[in-house]
**Q** 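Mind looking over this structure? Questions follow.
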Amino acid sequence: MADLKEEKLPTHVAIIMDGNGRWAKQHGLRRVKGHEKGADSVREVVKVTRELGIPWLTLYAFSEENWKRPEYEINTLMKLLEQFLKKELHEMCDKGIRLRCIGRIYKLPASTRRMLDKAIQQTSNNRDMTLTLALSYGGRQEILDTVKRVVRLVETGKCRSEEIDENLFCQNLYLPDLPDPDLLIRTSGEYRISNFLLWQSAYTEFYFTPTLWPDFGREEYLAAIAEFQKRERRFGAAFD
Ligand code: FPP
C-alpha cells in the first residue's frame with residue numbers, strides 16, 4: 001500500500017470476477033466450490049477498497065447471460081449472495097458502506113430480493129463507500145432500458161427529442177449518480193468486457209490478469225491499482 005499515490009487513486013473500480021469454475025476444476029472440486037471461494041475474494045476486495053478510501057466499487061456478480069447456467073449453479077449463486085448479505089450487513093454498516101445494485105433485479109428469486117432490499121435500505125445512509133452489485137445485469141440491456149425511459153419522457157411530453165443528449169441519457173441509466181469506472185479489472189485471462197458497463201466504460205482503463213478470481217487478493221489488487229497509476233489518461237484530448 002505504501003507505493004500507491006493517494007492523489008492518484010481511482011474513484012471507481014469495477015471488477016469482472018471470472019474463473020471460479022476453472023479454479024474449482026483445477027482443484028478437483030465442483031464448480032459451486034469455486035463460487036464459494038470466490039465469495040471470500042469478494043470480502044477481501046471490499047475490505048481493501050474501503051481501507052484505501054476508494055469510494056466506489058462495482059462487482060459483476062451475475063450477468064443476464066448467467067441465467068443460461070444449470071439451475072443448481074444459479075441456486076447456489078443466489079444462496080451465496082444471500083449468505084454474503086446476511087453475514088456482511090453488520091460490517092457494512094460499521095464501515096460506512098452503502099450497498100446498491102444494478103440490473104433486472106425483478107428476475108431474481110423473491111428471497112434474494114428480500115435480502116437485497118433489506119441490505120440496501122439499512123445501508124442507505126452510509127457514505128464512506130458504495131458497493132454496487134451488478135445482478136442479472138447486461139450493458140446492452142441497460143442501454144435498451146435507458147432508451148425506453150427516454151422515449152417515454154418524449155412520449156409523455158416531459159422532454160423534446162432535440163433535448164436528448166449524453167447528460168439526459170446518463171440521468172436515465174439504472175443508477176444516474178454512479179460515476180464512470182476509472183479502472184476495470186478482469187480476472188482469469190479473458191480479454192473481453194462481456195456486456196459489463198458498456199456505456200460507462202468509454203474511457204475506462206483496463207487491467208487483465210490470468211489469476212482466477214478465487215486466487216485474487218490484496219496483493220494483486222494493489223498491483224492493479226499501481227499499474228493504473230502509471231497510465232496517462234487523456235480522455236481523447238492531446239497534451240504536450
Ligand atoms: C464467473 O466465474 C463468476 C460468476 C458467474 C459469479 C461470481 C460470483 C461470486 C464471486 C460469488 C458470490 C458473489 C457475491 C457478491 C458474494 P465462472 O463460473 O464463469 O468461471 P469459469 O469461467 O472458470 O467457468
Side-chain angles (χ1 to χ4, degrees), residues 13-50 56-92 95 97-105 107-109 111-120 123 129-139 141 175 184-197 208-218 220-221 224:
V13 176
I15 308 183
I16 301 176
M17 313 181 285
D18 196 13
N20 294 349
R22 274 162 286 169
W23 182 92
K25 199 170 173 198
Q26 279 179 9
H27 290 79
L29 300 167
R30 299 184 68 191
R31 291 180 56 78
V32 291
K33 289 285 167 198
H35 297 314
E36 274 175 37
K37 189 77 170 41
D40 293 339
S41 300
V42 170
R43 285 188 189 91
E44 177 79 349
V45 162
V46 170
K47 189 165 169 247
V48 177
T49 307
R50 177 68 190 89
W56 301 84
L57 174 68
T58 300
L59 302 175
Y60 205 4
F62 193 84
S63 75
E64 189 65 349
E65 288 72 28
N66 286 155
W67 289 115
K68 294 180 203 145
R69 295 198 175 197
E71 201 179 326
Y72 174 69
E73 187 173 339
I74 295 175
N75 290 341
T76 305
L77 279 167
M78 295 303 150
K79 287 288 157 249
L80 271 175
L81 176 62
E82 289 175 27
Q83 277 167 21
F84 173 84
L85 296 172
K86 204 168 165 188
K87 263 172 104 173
E88 302 303 316
L89 184 55
H90 181 74
E91 185 78 359
M92 285 195 279
K95 295 280 175 351
I97 300 173
R98 171 174 63 153
L99 181 86
R100 297 199 301 182
C101 52
I102 46 173
R104 292 181 170 168
I105 305 304
K107 292 172 89 174
L108 301 178
S111 59
T112 313
R113 276 188 278 128
R114 266 197 303 277
M115 290 293 301
L116 271 171
D117 286 346
K118 184 177 165 202
I120 290 170
T123 62
M129 179 186 139
T130 300
L131 169 64
T132 304
L133 298 179
L135 293 164
S136 191
Y137 176 85
Q141 288 81 359
L175 291 176
L184 191 149
I185 297 170
R186 181 175 188 146
T187 57
S188 93
E190 311 287 358
Y191 296 88
R192 49 176 182 264
I193 190 164
S194 296
N195 207 11
F196 190 39
L197 300 176
F208 295 105
T209 170
T211 304
L212 303 175
W213 177 249
D215 290 328
F216 189 87
R218 170 182 292 265
E220 187 152 16
Y221 190 23

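Note that ligands are numbered from 1 as they come in the structure, with each ligand's atoms numbered from 1 the same way.
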**Q** If only side-chain N and O atoms count, and only distance matters, is there a donor-acceptor pair under 3.5 Å linking T130 with R98?
**A** yes

**Q** Does ligand 1 come near enough to W23 that some N or O of the ligand is less than 3.5 Å from an N or O of the residue?
**A** no

**Q** Decide if atom NZ of K107 counts as having more than 12 heavy atoms of other residues, nucleotides or ligands within a radius under 6.0 Å.
**A** yes

**Q** Is there a heavy atom in S188 that sits closer than 4.0 Å to ligand 1?
**A** no

**Q** State, without any angle test, whether W67 and S136 hold a side-chain donor-acceptor pair at a distance under 3.5 Å.
**A** yes

**Q** Note the single closest protein heavy atom to atom 22 (O) of ligand 1, along with its residue, its atom name and the distance in Å.
**A** R22 NH2, 2.9 Å

**Q** With atoms numbered from 1 as shown, which atoms in ligand 1 lie under 4.0 angstrom from a non-hydrogen atom of G21?
**A** 17 (P), 18 (O), 20 (O), 21 (P), 23 (O), 24 (O)

**Q** One pair to check against side-chain contact (heavy atoms from CB on, under 4.5 Å): E82 and L85. What are the steps and the verdict?
**A** CA-CA 5 Å; E82 289 175 27; L85 296 172; 5.6 Å; no

**Q** Can you name the side-chain hydrogen bond (donor to acceptor under 3.5 Å, both in side chains) partners of N66, sequence neighbours left out?
**A** S63

**Q** Could you pull out all residues at least two apart from K86 that satisfy side chain to side chain contact (heavy atoms under 4.5 Å, CB included)?
**A** M115

**Q** Using a 4.0 Å cut-off to any heavy atom of L77, which atoms of ligand 1 qualify?
**A** 6 (C), 8 (C)

**Q** Going by the atom numbers of ligand 1, which of them fall below 4.0 Å from some non-hydrogen atom of N66?
**A** 5 (C)

**Q** Please classify the L59 to ligand 1 contact at 4.0 Å (heavy-atom distances, strictly less than): side chain, backbone, both or neither.
**A** neither

**Q** Less than 4.5 Å apart, any side-chain heavy atom of E91 and any of V46?
**A** no

**Q** Below a 4.0 angstrom heavy-atom separation, can you tell me which part of K25, side chain or backbone, both or neither, approaches ligand 1?
**A** neither

**Q** Looking at atom 11 (C) of ligand 1, what's its closest protein heavy atom, distance included?
**A** H35 O, 3.5 Å

**Q** Are a donor atom and an acceptor atom from the side chains of E64 and N195 found within less than 3.5 Å of each other?
**A** no

**Q** Which ligand 1 atoms, with their elements, are less than 4.0 angstrom from a heavy-atom of F84?
**A** 16 (C)

**Q** Quick one: which ligand 1 atoms are inside 4.0 Å of a heavy atom on R31?
**A** 17 (P), 18 (O), 24 (O)

**Q** Going through the distances and angles, do M17 and F216 end up as a side-chain contact (heavy atoms from CB on, under 4.5 Å)?
**A** CA-CA 9 Å; M17 313 181 285; F216 189 87; over 6 Å; no

**Q** Starting from atom 9 (C) of ligand 1, locate the nearest protein heavy atom and write down its residue, its atom name and how far away it is, to 0.1 Å.
**A** N20 ND2, 3.7 Å

**Q** Provide, to 0.1 Å, the distance between atom 1 (C) of ligand 1 and the closest protein heavy atom, together with that atom's residue and name.
**A** M17 O, 3.1 Å

**Q** So, E190 and R22, do they make that salt bridge, N to O below 4.0 Å?
**A** yes

**Q** Between W213 and ligand 1, does any nitrogen or oxygen pair lie at a separation below 3.5 Å?
**A** no

**Q** Might you work through the side-chain contact (heavy atoms from CB on, under 4.5 Å) test for V13 and T49, ending with a clear yes or no?
**A** CA-CA 9 Å; V13 176; T49 307; 5.7 Å; no

**Q** N/O of R69 under 3.5 Å from N/O of ligand 1, yes or no?
**A** yes

**Q** Specify side chain, backbone, both or neither for L212, according to which of its non-hydrogen atoms lie closer than 4.0 Å to ligand 1.
**A** neither

**Q** With nothing but distance in play, are any N or O atoms of Y60 less than 3.5 Å from an N or O of ligand 1?
**A** no

**Q** Would you mind checking which non-hydrogen protein atom is closest to atom 7 (C) of ligand 1, with the distance to 0.1 Å?
**A** A61 O, 3.6 Å

**Q** In this structure, are over 12 heavy atoms from other groups packed under 6.0 Å from R43 atom CZ?
**A** yes

**Q** At what distance is the nearest protein heavy atom to atom 13 (C) of ligand 1, and which residue and atom is it?
**A** V42 CG2, 4.3 Å

**Q** Decide whether an N or O pair under 3.5 Å exists between L133 and ligand 1.
**A** no

